[in-house]
Each structure stands twice: as C-alpha cells, then as structure tokens.
2 protein chains.
Amino acid sequence: MAYTKPGVTRNRIYQFVRKRLLDGEPPTVREVQAAFHMRAVQSAKSHLDALVKEGRLIKVPGKSRGYRLPAAIHSSQLAPIIGRVPAGPFNIAIEDIEGYIPVQSSTEEHTIFGLRVSGDSMTDAGIMDGDIVLVRTSSEIHPGDIVVAMVDGETTVKEFRRANGQVQLQPRNTAYPILSPAPEDLTIVGKVIEVRRYLEGISLIGEQLNG
Amino acid sequence: MAYTKPGVTRNRIYQFVRKRLLDGEPPTVREVQAAFHMRAVQSAKSHLDALVKEGRLIKVPGKSRGYRLPAAIHSSQLAPIIGRVPAGPFNIAIEDIEGYIPVQSSTEEHTIFGLRVSGDSMTDAGIMDGDIVLVRTSSEIHPGDIVVAMVDGETTVKEFRRANGQVQLQPRNTAYPILSPAPEDLTIVGKVIEVRRYLEGISLIGEQLNG
DNA sequence: TATGATAACAGACAAAAGTATGTTTTAAAA
DNA sequence: TTTTAAAACATACTTTTGTCTGTTATCATA
C-alpha cells in the first residue's frame, strides 16, 4: 500500500481489528494484510506487534487469530431475562428464562439478570409497566437505591429506604403506599443498575439451551 | 474420551462452542478435541460437522476457527453513542462518539445510534434527563412514535403527531408546549426504538477512536 | 444376540497462519 | 541536506489448523 504518515495506518488497523473482535471474528495477520492491500505479511505483523506493545491489543502467542482487546474494552456479556418470578427462594431456573440481552459490565458473570416489570408503582422514577430492569445480585444496597425485593413471596421493584432502623420500600408514585415489611418477610434480591424499554418488538437472543 | 449416549456429547460440544463464540473466541477443531479429552481430531470434527448439518452452527469453509452461530442467535451489534449533537445537517462524526453500547437488532448496521437526552419534556413517557435513547434512522415514522427531530438546528426528542395536515411535536410533560415547526425548519432524524437508563456509572465500550 | 447407527480412535497430508530476517522507501526532525 | 525512525516490501521457514481415509468400540432396538 501507499506510505502514510506515522501512526495513521496504525490507528486504522486498530479500528479494523477492534471491530472484528467486537463482532466475534478475530482476524489473522494475513487478513489484516489483505484488508489494507499490503504486499507483505510483515507489514501487517509489525503494526500488530506495535499495537500490542502500546497496550492497545493483547496477543495470545502462537495461537491463530490470537489478537484480543484488553479486558476493560471487551466487557460485554449476556444476561438472562426472566418474565415471571417464581415464588419461594429466589433462584433463576432455566425454564423461566425468556432469552438473553447483551449487557456491558465489568462484574462477574451470572450476577446480572433482567426482570420484566409489571405495575406502575415506579413511574415517577421513569420505570414504566413492561420495562426491563437489569439487576445485579452482588451489589451493596444503600438508601436511595432502586432494588428488587421479595415481600411475602411477591417480587417488587421499589426504592430502598431506612427509617427508625427499619427497612422501607418506597414506591415512586404518590398513589401507592410505603411498605414496611417485617424483616423475616423481606428478601433483597439485588440492585437495579439499568432500565430498558423496548418500543419496538424485542427479539431476545438464544433459545436452544437444553442439554 | 469415554463413550456417551447418542446426543449427549453433541449437546455439550454445542454449549462449549456457543459460549466461546459469544465470548468472541471461536475455537479450533483441536481445541474442541482437547476440551473433551478426545484422542482423535476426527472425533471433534464429526460432532462439529453434525452440528452444522443440524443447523445449530454455521461453518466458513477452509477458514481456521470458522464456526459461527446462526444469525438469529448472534444478532448483537454495537451502536455509537453521541452526546452533543452537531448543528447543521445530521451526520455522525467520529469525534462526537462517546463510545459504543451493545444492541440486539436484526436491522442493518450503521442505522442505529444512541443519543443522550437532556431536559424533562418527556418524563411522562418515562424518558428522563440523562437517559439514552436508541434511534433507528431507517424506520418509517407513524403518529404516536417517539422521534428524534431537528428543529432550527436543535435536536429534540418528542412524540410525532399530525394535525390539520401539519406535523406536530408533542412533549410528554404538561409543562411544555406543543411544537408546530414549519416544514423547512424540521428534519426527522429517526425513531426511538429503545430507552436506557444507567443507574450506576456506565462504562462505554471503546474510547480510542482517533485517526 | 444380531444389526444398524452413533461415538471414538489412528494416522496422514495440504493449506492456513504465525513468525523471522533482511532490504527498500518515505516521513520527521536536526 | 543529512540523519533517524517509521513504513512498506520480499522471501522463507515452522507451527497450527482443516481435512481426509479407514478402523474399532459402544449404544439402541429388535
């Protein structure tokens, strides 16, 4: 290819590799070579080596298609969405999973799930009937956080408060009363870290999970 | 490895490959072989061939690490998020991209972007200040849709209406007036297909986009 | 127990991909 | 202009990986 100013082709190659990696298709050195119309493998190789040295890419030595993004950039995982919530102790059964949606998070897997909200007790906080809340089960809960809780076997989304040393679950809709459940009837499932609303049909990812 | 009942190892291999692909690390035939402690490459190969024949996997012939998930399962793409919107004709400049978030959609790439909302003119529709709306530029617009529009070079999110043959942009907050811009001052950028709110710090994917 | 289908194994070859050495051309800065 | 560094090229070698042919073992069912 034509000679470019120092750094220019380097950045373009980074963009290319980055996109391929985010698409789940790590390129070979020769695919990079071809994408930039280079006549020598080494042209691509040395750019890739440089990107690794700069810390913009990571290389698994020896392996084919071995370039990766540093962990911080790649952090996209799939969270299961459950529609109805089973009564009793809260655990996610495979049968209840509607599908998966992509979530970016640096936390460990299996700690985030999605829950479809029913009811309008949180509309003043912008959580409408039918919205999906993403819940992290491993978060510490602080007053003011929006949480998913189980009260008497029922799942609800509310704002977490404390008053007189007791936990209060506060709706964000003046038409609803504050709940002050007895500790033995209350389980905090997790903290709401994200709210999503799909205004068009949602197509969830991945069904065939049996076996 | 030990002999298993027909179908058992097949499913386990599918799970393995699926996870690897969703993690962005397509395996080689020999990596599958190793993961299941098989003593022959062909053992893994024939399972993979079978999975392709069943339609559970797709193969790019000849290429290394060439197994893929069928499109329906994989359909997750990255949409750019723009914070401020440039005045003038609407086009997404690289400089304005804050980062990327994963979106599941079957539509073509480059037609969806994210926009950070400012203002509270849509709170009754559950769109709060700071929320991110995902916008598809290729959608048909119908009355009742929530749209991103440019009025006199300013970007706004409103509900799309028609009255007396004229376009109206209706806020969803009684404190705000309905807009009835002249056609020449109005550009409909696209339709809001999703609303997201990040209650914890959001870490966008990918920063270094210069070059 | 007999039989067909599935599963696993063995060994080999060709193509793809990673890696290495050295040279030529252009850009950036002294 | 000269010098130094970056960019691009040419070629070769090794390892990894895809693919093939054929054999043996186990499962499911009659």
Side-chain angles (χ1 to χ4, degrees), chain A residues 1-21 23-69 210-211, chain B residues 1-18 20-21 23-69 208 210-211:
Chain A
M1 69 178 293
Y3 283 72
T4 62
K5 296 181 182 177
V8 173
T9 301
R10 176 95 82 253
N11 277 325
R12 290 197 185 132
I13 288 182
Y14 172 72
Q15 301 295 335
F16 173 83
V17 175
R18 181 171 168 282
K19 184 181 184 320
R20 288 285 301 259
L21 290 175
D23 286 347
E25 305 209 342
T28 65
V29 178
R30 281 177 177 80
E31 282 172 357
V32 174
Q33 176 196 354
F36 290 86
H37 307 98
M38 292 165 155
R39 286 179 243 180
V41 201
Q42 188 55 25
S43 304
K45 177 88 163 56
S46 48
H47 277 295
L48 291 167
D49 286 345
L51 286 168
V52 170
K53 201 168 186 177
E54 295 170 18
R56 299 221 267 168
L57 291 179
I58 288 176
K59 179 72 183 14
V60 187
K63 296 289 170 185
S64 71
R65 303 175 186 272
Y67 293 93
R68 297 288 182 274
L69 292 173
N210 330 325
Chain B
M1 70 178 291
Y3 284 73
T4 62
K5 295 182 182 176
V8 173
T9 301
R10 180 78 39 85
N11 277 326
R12 290 198 185 130
I13 288 181
Y14 171 73
Q15 301 294 335
F16 174 83
V17 175
R18 182 173 169 281
R20 288 284 301 260
L21 291 175
D23 286 348
E25 306 211 341
T28 65
V29 178
R30 281 178 177 79
E31 282 172 356
V32 174
Q33 176 196 352
F36 290 86
H37 306 98
M38 293 164 154
R39 285 178 245 181
V41 202
Q42 189 55 26
S43 304
K45 179 84 161 59
S46 47
H47 277 296
L48 290 168
D49 286 345
L51 286 168
V52 171
K53 202 168 185 179
E54 295 170 18
R56 298 220 269 169
L57 291 179
I58 287 175
K59 179 70 185 11
V60 187
K63 295 287 172 188
S64 71
R65 303 175 187 273
Y67 294 93
R68 297 288 182 273
L69 291 174
Q208 312 167 48
N210 330 325

Every protein N/O within reach of nucleotides 2-7 of chain C N/O, cut-off under 3.5 Å:
unit_1	atom_1	unit_2	atom_2	d
C:dA7	OP1	B:Gly7	N	2.8
C:dA7	OP2	B:Arg10	NH2	2.4

For nucleotides 19-23 of chain D, tabulate all protein N/O to nucleotide N/O atom pairs closer than 3.5 Å, reporting atom names and distance.
unit_1	atom_1	unit_2	atom_2	d
D:dT19	OP1	B:Gly62	N	3.1
D:dT19	OP2	B:Lys59	NZ	3.3
D:dC20	N4	B:Gln42	OE1	3.3

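Atom NZ of B:Lys5 has 12 or fewer heavy atoms from other residues, nucleotides or ligands within 6.0 Å.
Just one of A:Val29, A:Thr28, A:Leu51 meets the side-chain contact (heavy atoms from CB on, under 4.5 Å) condition when paired with A:Tyr67; it is A:Val29. No option in A:Gln33, A:Met38, A:Arg56 other than A:Met38 meets the side-chain contact (heavy atoms from CB on, under 4.5 Å) test with A:Ile13.
Heavy-atom minimum distance, B:Glu31 versus B:Pro26: OE1-O, 4.3 Å. Nearest heavy-atom pair across A:Leu21 and A:Pro27 is CD2-CD, 4.4 Å. Between B:Leu48 and B:Val17, the shortest heavy-atom contact is CD2-CG2, 3.9 Å.
Atoms NE2 (A:His37) and P (D:dC9) sit 11 Å apart, rounded to a whole Å. Straight-line distance from the CZ atom of A:Arg65 to the P atom of D:dT15: 21 Å, rounded to whole Å. Computed from coordinates, the B:Met38 CE to D:dG18 C1' distance equals 17 Å when rounded to whole Å. Distance, A:Arg20 CZ to C:dA17 P: 10 Å, rounded to whole Å.
Among the heavy atoms of the strands lying under 4.0 Å from A:Ser43 is at least one base atom, whether or not backbone atoms are also near.
Between B:Val32 and B:His47, every side-chain heavy-atom pair lies at or beyond the 4.5 Å cut-off. The shortest side-chain heavy-atom distance between B:Arg65 and B:Arg20 falls under the 4.5 Å cut-off.
The phosphate of C:dG18 (OP1 or OP2) has no side-chain N or O of A:Ser64 nearer than 4.0 angstrom.
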